[in-house]
Structures are given as C-alpha cells and as structure tokens.
Amino acid sequence: MITLGSGLTDSQGHRKLSPVSPLLSAVSVLPAIIGFALAIFLPSGFSFTQNFPALRPFVAGVLVIGLASLALSIFVALFQILGWRAFSFWIDQDGDLRVRSGVLIRNERRVQLSRIQAVDVVQPLVARIFSMAVLVVEVAGQKDSRVTFRFLSLTDATEIRQTLLNLAAGTQTESTDTDSPVLFRLPSRDLALGLLLRTSTVLLFTATIAILIFSYVIEGWAGITFALVTGGVPILIVIVEFITYYGFTVYDSPDGLRLRYGLLKTENRTVPEGRVQAIDFIEPWLWRSHSWTRVAINIAGVGSSSQGSSGKNKETLLLPVAKRSVADSIVARVLPNIDIAEIDWKVAPIRASKRSPIQWRNLAMGWSANSFAARRGRITRHLMIIPHARTQSVHITQGPWERALNLASLHVDTTPGPVSVVALHLDVDEAREALYGQAGRVNQGGGI
Amino acid sequence: MNTDSAFYSNDDWIPISEKLISARRLVVVLVAIPVIGIVIALWLIPAVPSFIAWIVAALGLVSFIWLWWLIGRRVRSYAYCERESDLLVTSGILFRRLVIVPYGRMQLVDVTAGPIDRAFGVTTVQIHTAAATTDAAIPGLVPEVAAAVRDRLAKRGESRAAGL
C-alpha cells in the first residue's frame, strides 16, 4: 500500500490529520467567538458588579467575556476533536484516494486520482505561526468538488501533495520546493505600481482629486464624503490585492507551473500542464508604457461559480502583472504551440465604429493551425487565445444594431472562467466564413 | 425558418414542429387570465378612476397581440442541421444566433418536456458541452423525432468523444 506523507496513522494504517488541528481550528475561530461573547454576554457582565461590588465594571466585563470565550473555545475544540477522530484518509487497493469523515453522518468519499485537477497547499495566518498548512484537493466536477484537509504539518502536506500528484500523473518523479527553478518573481514595487495604474483606480483617483478641487473652490465641503468613497474604495482594493499577490513567484515543476504568493496567507497553487482551456492578456491603458500585462486563464473545473465569487479571480489568475515577454514565456509553458506571431488578423470594418466608437480599432480575430485568437478593448486591451483542441463550440450572434450595419460577432465557447473568447462586430460574411471554418478546425484538431 | 438570415448555409436545415407555437401561445393565454382579472377588479373598485382600468386593458391587449405574433415568428426562426461531424442550431429574429457544436465535444444530451409541452406533443433536446455558454437547445421536436435525434447525437458523440 502506498503511504501518504509521514504523519500520524491509526490502527488500520489510515492517515490522520495533525493532532493539533482541533486546537488550531478553535484558535482560528477565536475572533468570531470573542465577538459572539461580546454581543451576548456584555450586558450580563456589567450586572455582575451588583453581586460583587468590589469589582469595577470594566474588569467584570473583561472577566465575563474571557470566561465565556474560554468556555465556547473549549466547546468548539471538543467538537473539533470528535471531527478529528472521525477523519481519516488513505489510498485504497485501486489506487484511489479515500476520505472518511463525519461524526453523526458517516461519509466516505472516493476520489479518482486521474480526476484530480489541482492539489494546493494553503497556509492561513494562524496555521503559518505553527508551521501548519491546509491541503486542498481539487477534483473535476460541478458541486462540492474539493476535499479539504484542515491542518497537516507543512512538510507532511507538501509530501502528500507530491505523492498525490505523482500518482495522478502516473509518474514517480521526485521534486521539492527548494530545487524547483524560479521562472519569475514579481518585485513588490511593480505589483504596487501596476495595481495603482489600473484604469479603474486611476479614474477613481482623478475623480477624487476633481471633487476635492471643486469642493475647495466653491467652499462647499459636502463633496468630501463622496471623495472618501471614490478615493477610499480603490485604495482598499489596491491594498487587498497587494497583500494577496505579494511576493508572487512562479516555479517550474514537473507537473506544471507552481505559483506561490501572499503576505498574510501563503497560497500555493499548481497550474497543471494541459489543463489550461483559454487565456486572456489584459493590458490597461497606463500599463502599456511598461509593456506590462495581466494574464487570466480558464482551467477546467477550477474557478467555476459553485466555489463562490471570492475565490474565482484568485484561482484563475496566472500573472497579476508582468512584462509581456515574460508572460509569453510562462504562457508557453502551460499552453505550448500558441503561435500568435503567425496569426493573420482580420480586423473589424470601419463601419463598426458606429457600433463601438472607442474599441472598434482594436477589434479583430485570427487563427493559426492550432489556436484561435481575438482582440477587443481600447482603453483596457484584451487578447484572448483558445486552442482549437480546447474549443467546446462556436456560435455567431447578431443584434438589431449589428444587422443594420451588416456586422456579426463570433463567440468561441470555452469552459466557465474569467476568459470568454469573442470577436465583436466583424463583417457578416467574414464572421460567417470564420464560423464554419472554425467548426472545421475544431473537428480536425480532435481531442487531447 | 428564415432563409434571409445572414447565417444561412446550403446545408439541409430542418425546421421544428409548429405545434410549439400553440404550446407557447397557451402559456400567454394562461398569463392573460390574471391580467383580465386585475382589469375587472380595477373597473369595479370605486376608488380607482375608470381610465386607469382602460390603460391597463389597452397595454395588456397590445402586449398580448405582440406576443402572439412574436411567438409565431420566433418558433419559425428555429432550425437545426445535423452535419457529418457537428450539429448546427439557429434561432432568433431580433437577436439572431447560430451555434455549431462538434459531436466530439458533447457532454450530455437532455430531452425534456413540461406539462404544457407534453399536452401538445413537443419536447426539447438540449445539448451540453463543458462550456456553459454553448446554449444549444432545439425546442419543439415531436417526441419520436426528439428521441431519434438524441440517440443519433449520443452515438456520434461516443464515437468522437474527446476529453477536456
């Protein structure tokens, strides 16, 4: 039988989570517990002083809250211990991952290793202090398609991760974090500058300055609250994204690209080779002088709507900001043979300016032997690429305005994610020809 | 089917059953009944001036006639075509669309019919791929035709299946 990691095992030889995980789980929810205790017990805390007049109200309050939090924490920890006792996982005879869990309702899951999309090691802040980690196994599927192993020691988690990936790939390659070559490391300065120079941020800041000047001139300071929103929100977004993507590093590894980032919570993601469905190079207006680009990707089974919107962007971003040349070389690693240079672009006709007066100059589509590409956007440019082999279907649409101008839009459908490949407002005959041509190329391209 | 569509090709397009028109129109009639009720109620309540009832009635009548006419055109705009290696579905009047689904990319084929559709003897064949945006549905097929289409598609899909 294949052993997973080097941690605790039970009498049947099944792996257990780290014994400190109940405690860690209790600590992670401590802020919530304290908040709860504050809300419920604070009024009664003050009434304590009636029974013990010697205590000052403040001390009494702190005492009551402290005791209540402690009791609740112990309660939560006891619950977690029961959960921990019931949780075990192992590799069965067929070579699949089995996960047993549940106190009241016993549940045994069988995860086909060949279906694994990604195995991530995540370190939330509390776990990092104790050098513990959370292992997340991502499986292709619609709902509830991830298995979370809450709290293993970091070395144990990375070992299990490697074993699972090896089993999934059917190989026995050995690789550790330390010897993976670094492909790209994002300097903090570039990240901060890149986030600040995004079109939305710049526009909101400009608006803020305009409001401030206006308020100063007319001496009507009512606009200040408005300025706080227009100025405060982008600052908050920039700070949050900076913390999330701080120290963004891309490693090369046998099973694809390894991404590691985060200031408070270290994310460790793998972008498996051959799982990337479509790609989008996003270039905001003010990034162009640096020739910077942001790269979003669609991965099958990852970042679909069932996992909530918060995780969506994070899990489908390949690069937050990078030089175009660097981005190209990294993209080539996960999506080989996309030959953008060879593409013969078919641009939207001049009459498209009557439909989209700003972006029409950048509207175009093109294809090569193995991929389809489309461009759109003027202020924030998009370059979307999808390999023929990953194309699910093609469709053409024409609204009333487009019909009046004899235009049509060609959509190349890909799996759910942030990238949607669409060539907008092209000449009808050209779009129609491309539609049937694209269908032919998809059929010839075959599967994977 | 509208042959004036810019997306028209010389393939062998099959229109859907016109029974769907009756089925969809019945839905409109069922929606109209409570609207008529509201108009009568407005007419009878003394506090409401009678011209309001007239306006509601006029709006209801206009949208009823418009929907009646639109349903006929929309249903006739649907057509599908089974080519050697892919399926084509076209639809729409104001917003036209034509989708091409290669048989190899089909994940599953659904055949569904609601109670009204069943009463009129029409079913919908819906083709799913791994992309949520594919939206290739052929409504208004006679059950026998729908079953035959589903079986043919499933067979062709199997022989050309490709993973993700």
Side-chain angles (χ1 to χ4, degrees), chain A residues 114-115 117 140 142 274-278 298-301 304-305 386 388-403 406-417 419-422 427-433 435-448, chain B residues 2-11 13 70 73-74 77-109 126-138 153 156-164:
Chain A
S114 56
R115 295 271 164 172
Q117 296 286 338
Q142 289 297 313
R275 297 276 193 206
V276 176
Q277 303 283 324
N298 282 359
I299 303 176
S304 53
S305 54
I386 178 169
H388 299 324
R390 302 282 193 275
T391 301
Q392 299 300 323
S393 63
V394 243
H395 70 272
I396 193 170
T397 55
Q398 189 183 47
W401 198 351
E402 283 179 315
R403 185 133 48 102
N406 206 25
L407 300 171
S409 300
L410 183 68
H411 308 248
V412 180
D413 302 312
T414 172
T415 55
V419 187
S420 56
V421 185
V422 52
D427 180 72
V428 160
D429 292 328
E430 224 165 55
R432 203 176 124 254
E433 207 177 294
L435 171 83
Y436 286 105
Q438 195 57 26
R441 283 186 287 276
V442 170
N443 278 318
Q444 271 172 19
I448 292 86
Chain B
N2 43 45
T3 46
D4 63 316
S5 167
F7 308 151
Y8 179 70
S9 73
N10 294 321
D11 297 301
W13 289 91
L70 187 73
R73 288 207 56 191
R74 260 197 73 83
S77 77
Y78 268 100
Y80 66 99
C81 166
E82 292 172 61
R83 297 201 304 183
E84 195 192 325
S85 52
D86 41 30
L87 174 82
L88 278 57
V89 184
T90 183
S91 63
I93 319 156
L94 208 56
F95 292 89
R96 284 187 179 156
R97 82 185 250 133
L98 166 59
V99 56
I100 304 186
V101 186
Y103 295 134
R105 298 302 199 279
M106 291 187 313
Q107 298 270 344
L108 48 105
V109 183
Q126 169 100 47
I127 295 101
H128 297 271
T129 68
T133 48
T134 295
D135 189 27
I138 319 171
L153 291 180
R156 285 168 175 166
E158 249 165 48
S159 61
R160 278 166 235 259
L164 276 182

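Reminder, nothing fancy here: chain letters follow the sequence lines and each chain counts from 1.
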My understanding is that only residues two or more places apart in sequence, or in another chain, count here; which of them pass salt bridge (charged side-chain N to carboxylate O under 4.0 Å, His left out) with B/Glu82?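 For B/Glu82 the salt bridge (charged side-chain N to carboxylate O under 4.0 Å, His left out) partners, ignoring immediate neighbours, are B/Arg152, B/Arg156.
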
Under the salt bridge (charged side-chain N to carboxylate O under 4.0 Å, His left out) test, which residues partner A/Asp413, sequence neighbours left out?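 Partners of A/Asp413 by the salt bridge (charged side-chain N to carboxylate O under 4.0 Å, His left out) criterion come out as none, since no residue qualifies.
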
Residue among B/Leu87, B/Thr134, B/Val101, B/Asp135 with most heavy-atom pairs under 4.5 Å to chain A: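 Option with the top pair count is B/Thr134.
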
Contact leader toward chain A among B/Val89, B/Asp86, B/Thr129, B/Leu94, where contacts are heavy-atom pairs under 4.5 Å: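 Most pairs with chain A among the choices: B/Leu94.
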
[X] and [Y]: which non-hydrogen atoms are nearest, and at how many Å?
X: B/Pro102; Y: A/Ser393; result: CD-CA, 4.1 Å
X: A/Pro416; Y: B/Ala130; result: CD-O, 3.4 Å
X: A/Gln392; Y: B/Arg105; result: O-CB, 3.2 Å

Kindly compute the distance separating CD1 (B/Ile100) from OG1 (A/Thr391), expressed to the nearest 0.5 Å.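 Between atom CD1 of B/Ile100 and atom OG1 of A/Thr391 there are 12.0 Å.
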
Roughly how far, to the nearest 0.5 Å, is CD of A/Gln398 from CG of B/Leu98?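 One finds 11.0 Å between CG of B/Leu98 and CD of A/Gln398.
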
Top residue by heavy-atom pair count (under 4.5 Å) with chain B, among A/Ala431, A/Ser420, A/Gly399?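 The option with the most such pairs is A/Gly399.
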
